[in-house]
Amino acid sequence: MQHQWLKWFNGYLVIILNGRRIERLINLAVQKGMQVWNITRYDEQRGKIAIRLEDFLQLKPLLKETGCRMRILSKHGFPFFLTRVRKRYAFFGGFILFIAMLFFLSHVIWSIEVVGNENISRQHVLEAAEKVGIEQGKFSFLLDDPDKIQARLMEQLPEASWIGFRMKGTKAQIRVVEKVIPDDKEVLSPRHLVAKKSAVIHNIFAEHGKPMVRPADFVRKGDILVSGFIGKEESPTAVAAKGIVEGEVWYETEVVIPIKQKQSVYLGEQHRNVFLVWGEKQFKIWGFGELTFKEYETREDTRVMRWRDKTFPLGWKLETLQSVDVFEKKISEAEALELAKETAKQDILTKMGNGGYIKEEKVLHHKQENDKVYIKMHIVAIEDIAVEAPITIEGE
């Protein structure tokens, strides 16, 4: 392999020989120390050989001695490559410049990603990163070792328990693990927990304060559930009542579901429009072809230019029109009834908030009329009914 590489570096020629004494010519060349290889004989007067460029210059006297003629078939090697480069210097210069630019651009920090931070602001991390040499537009090979950068970032950000740094292509990633600082205990003003709606008490857990109700008691909106007064009745102490009071709440809801439901099926065909966005204005630059389908759904993806924490009004928007087949499907009364029940339950769950759940459900009435199903439901839900009510102490 090394021998072949040296032949290419020194340069060689493939030549066609003509004459009756080709064997004599080759023997004389070998005797004089010339390197000849890839010898091919076509017929009695024609053959082909490969010879080094430096030996080719000594071949002419032997051609004259043997009465043979030659013709250069092809040229190979570095010297001929340089000749082609000189003739096409603009092309090769541009190519080398392109490779150099590609190399340098691939080692530029184009963006800085900060992950893991919650209490430490991103801007604070970026300011610390800039102090240790991490900034957009800088070459990554000019940075210190990641270990040194991490140590210097730890000095700049003492509120972090650990900071990691690494390069992901052209993106610098800074990973922050914040110190867990215990929150100062909040000083709460005296208060009661009262009912926010009428209910039957299902369960009560009073963390602070005095429970005023028990399970199965009926309460109305505004009734005290957990009192903020504790201690002796003659001289009570006001505290901030805290706890959870679950109540059984009744809801009635009505839902209307159409029997005929519109459904869409994606067909696979799509059309893309590209817009140049400048502030509130947009200019179409791609997708002028005529649509080959009538029914479609639209998805939009808008991107704007950003530099550090600044957002510029210039960007682009990709609009994808996905062809669909829209048709009406008639569902049965039973399917419409189930859909209505699910809709009613989701509506109640939204009203009661987090932590609540449905205990019982009952359809009070339903009917089908004018291609619609009408349903009236009674729902029993368990939810936290306690809200805070401040205690006003006389004299304050």
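The model shown is predicted, which means the values in this text are computed figures rather than measured ones. Values below: every heavy atom of this structure, side chains too, minus hydrogens, waters and symmetry copies. Note that the numbering runs from 1 along the sequence shown for the chain.
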Q) So with a 6.0 Å cut-off around NZ of Lys210, is the heavy-atom count from everything else above 12? A) no

Q | Co-members of the apolar cluster containing Ile382 [side chain, <4.5 Å] | A | Tyr357

(Q) Holding to salt bridge (charged side-chain N to carboxylate O under 4.0 Å, His left out), I want the full list of residues that pass it with Asp43, two or more places apart in sequence or in another chain. (A) Arg46

Q) Do Lys367's NZ or CZ and the ring of Tyr374 fall within the cation-pi criteria of under 6.0 Å and 45°? A) yes

Q: Sequence neighbours left out, what passes side-chain contact (heavy atoms from CB on, under 4.5 Å) with Glu118? Give chain and number order.
A: Glu178

Q) Does Ser323 reach the main-chain N or O of Glu269 with its side chain, forming a donor-acceptor pair under 3.5 Å? A) yes

Q: Can you establish whether the number of heavy atoms outside Lys372 located under 6.0 Å from its atom NZ is more than 12?
A: no

Q: Considering only NZ, NE, NH1 and NH2 on the basic side and carboxylate oxygens on the acidic side, decide whether Arg303 and Asp301 come within less than 4.0 Å.
A: yes

Q. Checking Lys197 against Trp250: charged group under 6.0 Å from the ring centre and within 45 degrees of the axis?
A. no

Q.
For Arg41, is the CZ atom crowded, meaning more than 12 foreign heavy atoms sit under 6.0 Å from it?
A. yes

Q.
Does atom NZ (Lys75) have a neighbourhood of more than 12 heavy atoms from anything else shown, all under 6.0 Å?
A. no

**Q.** More than 12 heavy atoms from other groups under 6.0 Å of CD on Glu44
**A.** no

(Q) Tell me every residue that passes ring-ring contact (aromatic ring centres under 6.0 Å, His included) with Phe139, counting only those two or more places apart in sequence or in another chain. (A) Phe104, Phe141

Q: Please lay out, stage by stage, how Glu159 and His124 fare under the test side-chain hydrogen bond (donor to acceptor under 3.5 Å, both in side chains).
A: CA-CA 11 Å; Glu159 55 269 51; His124 186 38; 3.0 Å; yes

(Q) Tell me whether Lys294 forms a cation-pi arrangement with Tyr296, defined as NZ or CZ under 6.0 Å from the six-membered ring centre and within 45 degrees of its axis. (A) no

Q | Glu246 vs Ile244, side chain to side chain contact (heavy atoms under 4.5 Å, CB included): CA-CA, chis, key distance, verdict | A | CA-CA 6 Å; Glu246 291 183 335; Ile244 297 175; 4.2 Å; yes

Q) Is the side chain of Asp55 donor-acceptor paired with the backbone N or O of Gln35 at a distance under 3.5 Å, no angle test? A) yes

Q. What pairs with Ile331 under side-chain contact (heavy atoms from CB on, under 4.5 Å), at least two apart in sequence or on another chain?
A. Gln261, Glu335, Ala336

Q. So Leu63 and Met70, side chain to side chain contact (heavy atoms under 4.5 Å, CB included) or not? Walk me through it.
A. CA-CA 8 Å; Leu63 290 169; Met70 70 165 187; 3.8 Å; yes

Q. Given the rule in the side chain to side chain contact (heavy atoms under 4.5 Å, CB included) test, do Gln45 and Asn18 qualify, once you have shown the distances and angles that lead to the verdict?
A. CA-CA 5 Å; Gln45 295 192 23; Asn18 289 276; 5.7 Å; no

**Q.** Worked verdict on Val125 versus Ile163 for side chain to side chain contact (heavy atoms under 4.5 Å, CB included)
**A.** CA-CA 10 Å; Val125 176; Ile163 296 178; over 6 Å; no

Q) Ile285: what forms a side-chain contact (heavy atoms from CB on, under 4.5 Å) with it, not counting sequence neighbours? A) Val274, Leu276

Q | Crowding at CH2, Trp286 (>12 non-hydrogen neighbours, <6.0 Å) | A | no

